[in-house]
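Heads up: the structure comes next, in structure tokens.
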Amino acid sequence: TNQSKMSVGLIAVLAAAASSAGPIVTSTERTPHTHHVGSPAERANDNAHARAKAPEYVDPELMTKVDGLRDGFSKSMRVPTATRARLTSVFAAATEASVALLVGGVAEERDGSDTEILFRQESNFIYLTGFDHPGATVVVATGSRVNGLSQGEAWLFVPHGNAVWTGRTETLEDFKERYDVTDVFWIEDLPSKLDSANPDTVYTFAGVNPYIPDSAEHDVTALRSILGTARSVKTSGEIEMIRAATDITAEEHKLVMRNIKCGEYESDAESLFRFIGHNYGARFQSYIPIVGAGPNAAALHYNDNDMMIPSDGLVLIDAAAEFGSTRNGGGWTSDITRTWPCSGTYSTLQRGIYDAVYKAQSAAMELVKAGGSFSQCTSASDRAIVEGLLAVGILKGGTVDELLSAGMVRIFMPHGLGHSVGLDVHDPGSMTPFVAGMVLTVEPGIYFIDAQLDAALGRPDQAKYLDEATLSQYRGFGGVRIEDTLLVTADGYENLSADIPRSADDVERWMRDGVFEAEPAAPSHGVAQQ
């Protein structure tokens, strides 16, 4: 009940100062695995102490890596310089005296309550500047004959800080030292500086109407599409940021997998997941974590995350950290899903479905390379799913091709196979064909959604292929999804999330022993950045 959950939460706060429970389990030690239901007080004490002890288990090598990336974001990595170069290379239609003008995100309050909503910078603004404060504007020279700016250079216009309310007292020199831009001015200087640049065309997003010089044309149609094309292929600096987000995400998934048990709550898993990431400076998650246990795993974007994990149930966690240029700023994302048994061992029914999804993902991943496409990968994945459902007896009476033609896969996997990943977890830009430097997900799944099953059983052309008696055993099963984030290379891919157990055997071994042999990331020797 809600009352009992509130009591558990209160006890957890009170128990945070206690030290009677053991620490969070790491990869080098593990207590014997048992179902851990216990009383609310026992659970709360265990969970609160685990969270209090988690900083002791932050990987110092990973911490050094992510802190180094933040320090080098502007100065040594020059990420915005490289991304602006990508923008201008795509901006073939720009005139010689054109500029792009982007307005950054603004600080917001919740329903006028004088309560700030945590600020996350607009993604295109991060892409071009790395600047993570609200209320700024940037001017980028997309042409080669802009007064005061060479092509690809940028002026950043910032608001004055408020020492009383935010503690911000940075000077223009402070910002210029920190961020990878050509020069920095106060926001009120935008009209005079833009006039001095003397552009013939100013590109902005539709609906954005900052100051535009009278002599310049105002184009509101081209910029968003061009930015999407530029962002679809990552620079080497961006790839390192995504790699860091994925490395943090791997730690989140692995520690949650080893420490959350049957009888605990989905919210316990989400809490621990977020806490681990925040200790690496990942204040933001790439999206609201999906923590679906038992039947909740069948809801594709479930995020209530408040139910008890049923005994011997599966837990599907679709969640990932976001990594930016500061410890509190947003940035580049990842997207990872793992589905694991809270008992530590897959049942026969669970293993059959899990193995089918694993084979589908593996078949699709084999086709990821420059020149490939999601269409090709989807065909391979669909075929493996049909073969898996035939193997467990859910499908019957037809060949693989007949079952594919009848649309049987979409009953059990009503979503696409993957998408682009970058500053947004569903990054913009076309993914056809795959190009070296793209980052994408491969995420097949099999779900038992009553509405889908009932509709199929009501259609004679599909019902004839369903073994209803076998299917009834999977009602309430939930679902299985496996998702990894891949970097496309010239002749293959690199699985950026290979350090998370993926096969059923590896998941069970990790949960039992705290070790597993990571699958090859399959890096190629192709050029992985543009």
Side-chain angles (χ1 to χ4, degrees), residues 228-229 231-234 239 242 246 300 318 333-337 353-391 395 398-422 424-447 465 479-498 502-503 519-530:
T229 299
R231 285 173 55 185
S232 67
V233 178
K234 276 54 182 178
I239 289 168
I242 296 170
T246 307
L300 303 183
D318 184 338
T333 65
S334 187
D335 195 356
I336 311 297
T337 305
I353 299 302
Y354 191 94
D355 285 349
V357 176
Y358 176 81
K359 291 175 182 176
Q361 190 196 31
S362 299
M365 287 166 60
E366 288 180 3
L367 299 178
V368 174
K369 62 180 179 180
S373 68
F374 270 126
S375 176
Q376 294 171 345
C377 295
T378 299
S379 294
S381 172
D382 286 354
R383 182 166 292 272
I385 286 175
V386 166
E387 291 170 350
L389 292 173
L390 281 168
L395 296 182
T399 66
V400 170
D401 288 335
E402 288 171 339
L403 294 167
L404 288 169
S405 296
M408 303 306 289
V409 173
R410 299 286 80 83
I411 299 169
F412 299 94
M413 184 185 157
H415 64 75
L417 183 65
H419 53 81
S420 178
V421 174
D424 291 301
V425 75
H426 289 177
D427 228 31
S430 171
M431 298 295 288
T432 303
F434 296 154
V435 174
M438 287 182 171
V439 178
L440 54 86
T441 67
V442 176
E443 50 180 303
I446 293 176
Y447 315 88
Y465 295 126
V480 170
R481 180 163 65 253
I482 310 173
E483 177 180 19
D484 286 271
T485 296
L486 310 183
L487 168 65
V488 180
T489 60
D491 55 359
Y493 67 90
E494 179 185 351
N495 184 357
L496 301 180
S497 45
R502 191 172 75 93
S503 71
E519 299 178 0
S524 78
H525 299 291
V527 177
Q529 68 273 344
Q530 298 291 320

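Every heavy atom of this structure was used, including side-chain atoms; hydrogens, water molecules and symmetry mates were not.
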Original post:
Within the distance-only criterion (no hydrogens, no angle test), does the side chain of Thr441 pair as donor or acceptor with the backbone N or O of His419 below 3.5 angstrom?
Top reply: yes

Original post:
Does the side chain to side chain contact (heavy atoms under 4.5 Å, CB included) test come out yes or no for Leu486 and Val488, once each step is laid out?
Top reply: CA-CA 6 Å; Leu486 310 183; Val488 180; 5.9 Å; no

Subject >> Sequence-distant partners of Asp484, salt bridge (charged side-chain N to carboxylate O under 4.0 Å, His left out), two or more places apart >> reply: Arg338

Original post:
Quick one: side chain to side chain contact (heavy atoms under 4.5 Å, CB included) partners of Ala384, sequence neighbours excluded?
Top reply: Ala360

Subject >> Qualifying residues under side chain to side chain donor-acceptor pair (under 3.5 Å), relative to Tyr354, sequence neighbours excluded >> reply: none

**OP:** Sequence neighbours left out, what passes ring pair (Phe, Tyr, Trp, His ring centres under 6.0 Å) with Phe434? Give chain and number order.
**Re:** Phe374

**OP:** Mind checking side chain to side chain donor-acceptor pair (under 3.5 Å) for Glu483 and listing every partner two or more places apart, or none if nothing turns up?
**Re:** Thr337

Original post:
Can any side-chain N or O of Thr432 pair as donor or acceptor with the backbone N or O of Ser373 at less than 3.5 Å?
Top reply: no

Original post:
How about Arg502 and Ser362: does a side-chain donor come under 3.5 Å of a side-chain acceptor?
Top reply: yes

Subject >> Summary of salt bridge (Lys or Arg N to Asp or Glu O under 4.0 Å) pairs that have at least one residue in residues 375-384, sequence neighbours excluded >> reply: Asp382-Arg410, Arg383-Asp401

Subject >> Results of side chain to side chain contact (heavy atoms under 4.5 Å, CB included) for Pro433 - residues two or more places apart only >> reply: none

Subject >> side chain to side chain donor-acceptor pair (under 3.5 Å) partners for Thr246, two or more places apart >> reply: Ser334

Subject >> Test side chain to side chain donor-acceptor pair (under 3.5 Å) applied to Glu387 - qualifying residues, sequence neighbours left out >> reply: none

Subject >> Partner set under ring pair (Phe, Tyr, Trp, His ring centres under 6.0 Å) for Tyr465, not counting sequence neighbours >> reply: none

**OP:** Any salt bridge (Lys or Arg N to Asp or Glu O under 4.0 Å) involving residues 426-439? Give me the pairs, sequence neighbours left out, ordered by first then second residue.
**Re:** Arg231-Asp427, Lys234-Asp427

Original post:
Do Met413 and Val357 pass the side chain to side chain contact (heavy atoms under 4.5 Å, CB included) test, and can you show the C-alpha distance, the side-chain angles, and the key distance before you say yes or no?
Top reply: CA-CA 10 Å; Met413 184 185 157; Val357 176; over 6 Å; no

Subject >> Asp424 side chain vs His426 backbone, donor-acceptor pair below 3.5 Å >> reply: no

Subject >> All pairs passing salt bridge (Lys or Arg N to Asp or Glu O under 4.0 Å) where residues 353-370 contributes a residue, at least two apart >> reply: Arg351-Asp355

